[in-house]
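Notes to accompany the following structure.
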Amino acid sequence: MPELPEVETIVSDLRPLVDGRTVTAVDLRFPSIVRHPEPEAFARDLPGQRVVALERRGKYMLLRLGGGAVLVVHLGMTGQLLHKQPEDPYRPHTHAVLSLDNGTQLRYSDPRRFGRLLLGTEAELIAARRLPRLGPEPLDPEFTPADLHRRLAGRRAPLKLLLLDQSVLAGVGNIYADEACFRARIRPDRPAGRLSRERVRRLHAAVRESLLQGIANRGSSVDDYVDLYGARGRQQEELQVYGRGGRPCFKCGAPLTLVRLGGRATVFCRRCQR
DNA sequence: TTAAATTCCTGTAAGC
DNA sequence: TGCTTACAGGAATTTA
């Protein structure tokens with residue numbers, strides 16, 4: 001699943017390849033992957049536009065265009081953005097192909113189609129409710145333990161569900177939420193608003209460390225995630241709890257507990273996390 | 001405002 | 001072997 005570290009890996013690889021390039025053609029092979037504007041307008045308006053900056057916001061990729069609009073890519077669960085030559089064979093479920101003025105292509109494929117492409121100014125996309133208001137960037141130096149404490153205060157939902165809530169914190173998904181809770185030694189089913197300042201401070205550090213380790217390892221390839229070139233990340237080899245329900249905790253040896261929180265598989269260690 | 005449930009979608013794996 | 005079924009989950013939407 002592409003979460004913050006996976007999207008960050010793609011954006012930083014994509015930057016030197018696409019920054020300054022102009023989109024010359026758009027081929028929508030599955031038009032409804034475009035959620036804004038109408039696919040016809042998307043395919044008509046994007047060609048001729050030059051990419052002037054690439055950013056990541058939460059799990060969203062933002063390609064800023066010369067005209068003031070932004071091309072937004074969200075990978076959903078199984079989305080892949082691949083950098084290809086025109087003669088390379090298409091992989092299945094390739095929904096959109098963007099040709100660039102250096103002769104290369106960006107291809108978007110997504111079997112489950114939970115991902116999306118958007119085009120417009122940020123104000124327009126927010127007004128159209130296509131871009132949600134996102135919480136702070138966890139790796140922003142200005143994001144402090146006090147900020148996190150304030151955002152969790154008064155909330156009775158399980159901690160894990162708030163870590164997954166993109167309006168509370170942007171970019172954390174199921175993998176890094178479980179990993180951060182383990183690293184912080186906090187049970188993911190604890191009511192979020194009941195955590196002491198000390199525990200929130202630990203959680204704040206744990207979230208950042210988990211994400212930074214993921215970036216350093218070029219992401220977790222537990223399912224379909226690959227980078228721009230189709231290569232897998234290495235972070236899945238470092239995961240302590242995600243996907244390991246019933247298997248022994250690497251730290252204490254006790255079998256890890258698998259529960260369901262908000263419909264999400266959640267794994268933690270009853271002995272190490274309290 | 002918050003929280004929980006539902007929906008979308010298909011490849012994969014488990015079970016019979 | 002071949003079929004059916006359950007499961008994976010990000011985020012929008014709906015309901016309470």
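Numbers restart at 1 for each chain; the letters A, B, ... are given by sequence-line order, proteins then strands. Both backbone and side-chain heavy atoms feed into the values below; hydrogens, waters and symmetry mates do not.
- For the segment residues 116-132 of chain A, the set of residues with a heavy atom within less than 4.0 Å of an atom of DNA chain C comprises A:Arg116, A:Pro132, in numerical order.
- Side chain to side chain, A:Gln213 and A:Gln235 meet the donor-acceptor criterion of an N or O pair below 3.5 Å.
- When the ring pair (Phe, Tyr, Trp, His ring centres under 6.0 Å) test is applied to A:His95, the partners found at least two apart in sequence or on another chain are A:Phe30.
- From one end of the helix from B:dT2-C:dA16 to B:dC16-C:dG2 to the other, with five pairs defining each end axis, the axis direction shifts by 50° (rounded to 10°).
- Applying the 6.0 Å contact sphere to CD of A:Glu198 captures more than 12 heavy atoms from other residues, nucleotides or ligands.
- A donor-acceptor pair under 3.5 Å links the side-chain atoms of A:Glu3 to the main chain of A:Asn174, judged by distance alone.
- Taking Ile, Leu, Val, Met, Phe, Trp and Tyr as members and joining any whose side-chain heavy atoms lie under 4.5 Å apart, directly or through other members, the hydrophobic cluster of A:Val97 also contains A:Tyr90.
- Counting only residues at least two apart or in different chains, salt bridge (charged side-chain N to carboxylate O under 4.0 Å, His left out) contacts with residues 119-128 of chain A comprise A:Arg64-A:Glu122.
- Of the residues in residues 234-248 of chain A, those with a non-hydrogen atom less than 4.0 angstrom from any atom of DNA chain C are A:Tyr242.
- At a threshold of 4.5 Å between non-hydrogen side-chain atoms, the residues A:Val34 and A:Leu119 do not count as touching.
- The two residues A:His83 and A:Thr104 make their nearest non-hydrogen contact at NE2-OG1, 3.1 Å.
- Crowding of A:Arg194 atom CZ: a count of heavy atoms from other residues, nucleotides or ligands under 6.0 Å not exceeding 12.
- The stretch residues 260-268 of chain A comes close to DNA chain C through A:Arg260, A:Arg264, A:Ala265, each having a heavy atom under 4.0 Å from the strand.
- Separating the CZ atom of A:Arg35 from the C1' atom of C:dG10 is a distance of 11 Å, rounded to the nearest angstrom.
- For the residue pair A:Tyr176 and A:Glu6, a side-chain donor N or O sits within less than 3.5 Å of a side-chain acceptor on the partner.
- Nucleotides of DNA chain B lying under 4.0 Å from heavy atoms of chain A occupy a range whose first and last members, 5' to 3', are B:dT2 to B:dG11.
- Rounded to a whole Å, the CG atom of A:Leu163 is 12 Å from the P atom of C:dG10.
- Checking side-chain atoms of A:Gln236 against main-chain N and O of A:Ser221 turns up a donor-acceptor pair under 3.5 Å.
- Under the 3.5 Å distance criterion, the side-chain polar atoms of A:Arg274 are matched with a main-chain donor or acceptor of A:Arg271.
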Could you give the side-chain donor-acceptor pairs of residues 246-263 of chain A under 3.5 Å, partners two or more places apart or in another chain?
{"residue": "A:Thr257", "atom": "OG1", "partner": "A:Arg270", "partner atom": "NE", "Å": "3.1"}
{"residue": "A:Arg260", "atom": "NH1", "partner": "A:Gly263", "partner atom": "O", "Å": "3.1"}

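- Here the P atom of nucleotide C:dA11 and the CE atom of A:Met77 are 11 Å apart, to the nearest Å.
- Near-neighbour residues of DNA chain C inside residues 169-182 of chain A, defined by a heavy atom below 4.0 Å, number-ordered: A:Asn174.
- Listed by chain and number, the residues in a ring pair (Phe, Tyr, Trp, His ring centres under 6.0 Å) with A:Phe143 are A:His204 (sequence neighbours excluded).
- Counting heavy atoms from C-beta outward, A:Glu137 and A:Arg56 have side chains that approach closer than 4.5 Å.
- Taking all atoms of both residues into account, the shortest heavy-atom contact from A:Phe182 to A:Cys269 is CE1-CB, 4.1 Å.
- Rounded to whole Å, the distance from CZ on A:Phe114 to P on C:dA12 is 13 Å.
- Where A:Leu162 and A:Pro111 each meet DNA chain B at their nearest nucleotide, the meeting point lying more 5' is that of A:Leu162.
- Looking at A:Arg208 and A:Leu139, their side chains come closer than 4.5 Å, going by heavy atoms from C-beta outward.
- Here C:dA11 presents its P atom at 19 Å from CZ of A:Arg113, a figure rounded to the nearest Å.
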Would you be so kind as to tabulate the donor-acceptor pairs closer than 3.5 Å made by side chains of residues 37-53 of chain A, with sequence neighbours excluded?
{"residue": "A:Gln49", "atom": "NE2", "partner": "A:Asp45", "partner atom": "O", "Å": "3.3"}
{"residue": "A:Arg50", "atom": "NE", "partner": "A:Gly20", "partner atom": "O", "Å": "3.2"}

